[in-house]
Structures are given as C-alpha cells and as structure tokens.
Amino acid sequence: MVKVDPRYCASSFLMYRIIVDRERRFADDATPEWVDFPAPRRPIRTSGELLDALRGRMAEALAGKKVGIALSGGIDSAILLQLVPDDSIAYTFKCVVPGVETADETPRARRYLERVGKPGIEHKVVPVYWEDMLELSDPLMMRKGAPIHSIEVQICKAAKQAKADGCDVFVFGETADCIYGGHSNLLARDWTFGDFVERWSFVQPWKVLRDFEIDLGPYRDYEVDGYIDVLPFLSLFESGASFNSYANACGLAGMTLEVPYAHTIMADPLDLERVRRGENKYLVREVFNQLYPGLEVPPKTPMPRPMDEWLSDWEGPVRPEFWPRCTDNMTGDQKWLVFALERFLNLIDPR
C-alpha cells in the first residue's frame, strides 16, 4: 500500500539518492518513477564473452536506428564507440564555469574517434551551464516524483540535442563500473558494516533534517559476517539507482535509452587481488586493450559536474525541515543533494 511519507523519502534520498522503499512517496501527487533493471542479464566470465555480449546487444538494439552515443574520456564508452554504426553522432559533455578551468574530456574523446576509423561519426560537444541545472532540474524532479542526481541535467540536455539531431536511441557506457569492479576506492579494503554505512551514505540525514528516518535495508541485504559484500551491492543495488537517473533524463527528452553493460553481470566473484594491484575493471580493460592496442587506460573520473564552484555561494536551505547552516562543511556534490531536496520540496509544498 502506497504511503505518503516525506520524512522517510527525504532521508532515503540523502543517503542513497533514491527512494529505496517503492511504496512510499513525498506526496499524493508525486508518484515515484522507477524503471526496472534489464533482466535477464547475461553471465560473463571472460573479456571475450563481454565483447561478444556487447556486440550482440548493440546489434539488436540499434538495428535500423540513428544512434547517438555519449562519449567520455573513459574506456567504457570508448569500447561502445567501436560498435555503433558509422553514421552515429558522438556527444561529449563539458561543464562550463565562467573564469574557472573545469574538467574537459573532449581531447580524450577525440583521440578515440581518431583511432576508431569511422570518419562518418560526427562529434559534438554539449556545454552544460548552471542555468541548465536550474532550467531542467524542476521538470526532471516532477517527472521522477523525487529530487534528482546532478548528472540527470546534463544527460537530459544531451538527450534533447540528440533528439533534435534526429537520433532514435542514445547509448551510454553507464553501469560498467558498478558491475565490473571499477570503484577502486571502495574495493581497496574490506568494509565492516558500520564503516561502509558511513562511507557510502552520501549525506547523513541527521546532519541535515530535524526529523529523519534511517533505512539500513540496502546495507543489511549485502552484509556477510559483519562485512559488506561490496561488488553485489554495487552491481545489484547501486547500478539500478544509477540506471534510473539515466532513464529519467532520457525519458524527459523523449529519447530511447540504451545501456549495453546493464544486460550483463559477472558470473564469477571479482578477483579482488587484481583490483587491489591496480587492475580495476580488468575484464573491461582487456576489451579496451584489444580494441585500442597501445593506448593507455586513463584514470577513472566521474562525469564532470563542478558543484564546488556552482554552489560555492549557496548558504544552505532555509525551509524549517532543515538544520540551519547544515551545509557549511559539505562538498559540492553533497550540497547539491540538499539543494535538490529543498528545491523539490518547494515544488510540491511551497512555503
């Protein structure tokens, strides 16, 4: 039975960036949007099986369609670039802060395009400004029935551009990190239950909300003898949360989303020794080395979003649900979660 429970929903969003309990919502007219993860997922044991699965999925999903692909500086999208049609359009996101140098993945993306040998692929850079965050966040939140992850704005802007360019489907390399062991810092050690709760929870609700509720269910589901089994947590829980950010953003743009890695799952336990020696995401690395021989694997970087700069002058929330000055010592990404939560509450309950 669906329950209106803004206290739970606000707390869950701050901790996990999603409303974990699908039966709860912020308000009667705020219906949570949730897309189930692809199923069944093909079990993968070797890099050869992974490449075969990606090639097969891409051939099936993209047949006869005009394709857009999000091309970052990372290896996941570079692999998929090899598998798109020759007349595809590649989009690279670039966040812009006037007077500040921000992360720019364009040069690396162009290197992949030079190596891939498909001169018919057009390359477009999608600039993302703070004004885009303000313009698109509200409709994205209302569609989702909840506050949003900051990446949804730039995904939506790029998807809208792809739609305008005549693309039928937008391909992303998302979920590869969660499924194949790309989160090196999380996998670098064994985590006790309590330490992982503190490490993973994006914002502790009691630091922000006067009234809160703690749901430790997602952590309990992956607890083994007092430790968290990190890869299944990422592959089965977090990948679904991430997938829904992409689905919401593309959905608002009217664009079909394709996430090929999401149709696969590791069949064997992750070789933590390899990861901890520096070979994170080793099956994906092997595919990349096969397709781009001699090209070094770049360090993993998150999708660019300069929240430290964009929210540097924000003094924090003013609604009565929040503690005053609660964001004073937060990172930019944490501030965004609080900013988005307050903005969403203002949409559904103006005060």
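Scope of the values below: all heavy atoms of this structure, side chains included, with no hydrogens, waters or symmetry mates.
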**Item:** Geometric cation-pi criterion Arg189 and Trp191, 6.0 Å radius, 45° cone
**Value:** yes
**Asked** Just checking, Arg17 and Phe202: is the charged tip under 6.0 Å from the six-membered ring centre and within 45° of the axis?
**Response** yes
**Prompt:** Is it true that atom CG of Asp225 has more than 12 heavy atoms of other residues, nucleotides or ligands lying nearer than 6.0 Å?
**Reply:** no
**Asked** Is the NZ atom of Lys207 crowded by more than 12 outside heavy atoms at less than 6.0 Å?
**Response** no
**Complete:** Residue set satisfying side-chain hydrogen bond (donor to acceptor under 3.5 Å, both in side chains) with Arg115, at least two apart, ordered chain then number -> none
Hydrogens and angles aside, do [X] and [Y] bring a side-chain donor and acceptor to less than 3.5 Å of each other?
| X | Y | answer |
| --- | --- | --- |
| Ser245 | Glu152 | yes |
| Asp21 | Tyr8 | no |
| Tyr91 | Asp165 | yes |
| Asp333 | Thr331 | no |

**Message:** Classify the ring geometry of Phe196 against Trp200: parallel below 30°, tilted from 30° to 60°, perpendicular beyond 60°.
**Reply:** parallel
**Message:** By the definition side chain to side chain donor-acceptor pair (under 3.5 Å), identify the one residue from Thr264, Thr175, Asn280 that meets it with Tyr180.
**Reply:** Thr264
**Request:** Could you walk me through whether Phe288 and Tyr112 pass side-chain contact (heavy atoms from CB on, under 4.5 Å), step by step?
**Result:** CA-CA 11 Å; Phe288 177 83; Tyr112 295 144; 3.8 Å; yes
**Prompt:** Under a single-linkage rule joining Ile, Leu, Val, Met, Phe, Trp and Tyr whose side-chain heavy atoms are separated by less than 4.5 Å, which residues share a cluster with Val96?
**Reply:** Tyr129
**Request:** Kindly indicate, with the supporting measurements, whether the criterion side-chain hydrogen bond (donor to acceptor under 3.5 Å, both in side chains) is fulfilled by Thr92 and Thr106.
**Result:** CA-CA 6 Å; Thr92 301; Thr106 306; 5.4 Å; no
**Fill in**
Nearest heavy-atom approach of Ala249 to Leu140 is CA-CD2, 3.7 Å
**Prompt:** Which of these passes side-chain contact (heavy atoms from CB on, under 4.5 Å) with Glu342: Leu345, Asn346, Val338?
**Reply:** Asn346
Which donor-acceptor pairs under 3.5 Å do side chains of residues 50-57 form with protein atoms, sequence neighbours excluded?
from, atom 1, to, atom 2, distance (Å)
Asp52, OD2, Arg42, NH1, 3.3
Asp52, OD2, Arg42, NH2, 3.0
Arg57, NE, Glu258, OE2, 2.9
Arg57, NE, His263, NE2, 3.3
Arg57, NH2, Glu258, OE1, 2.9

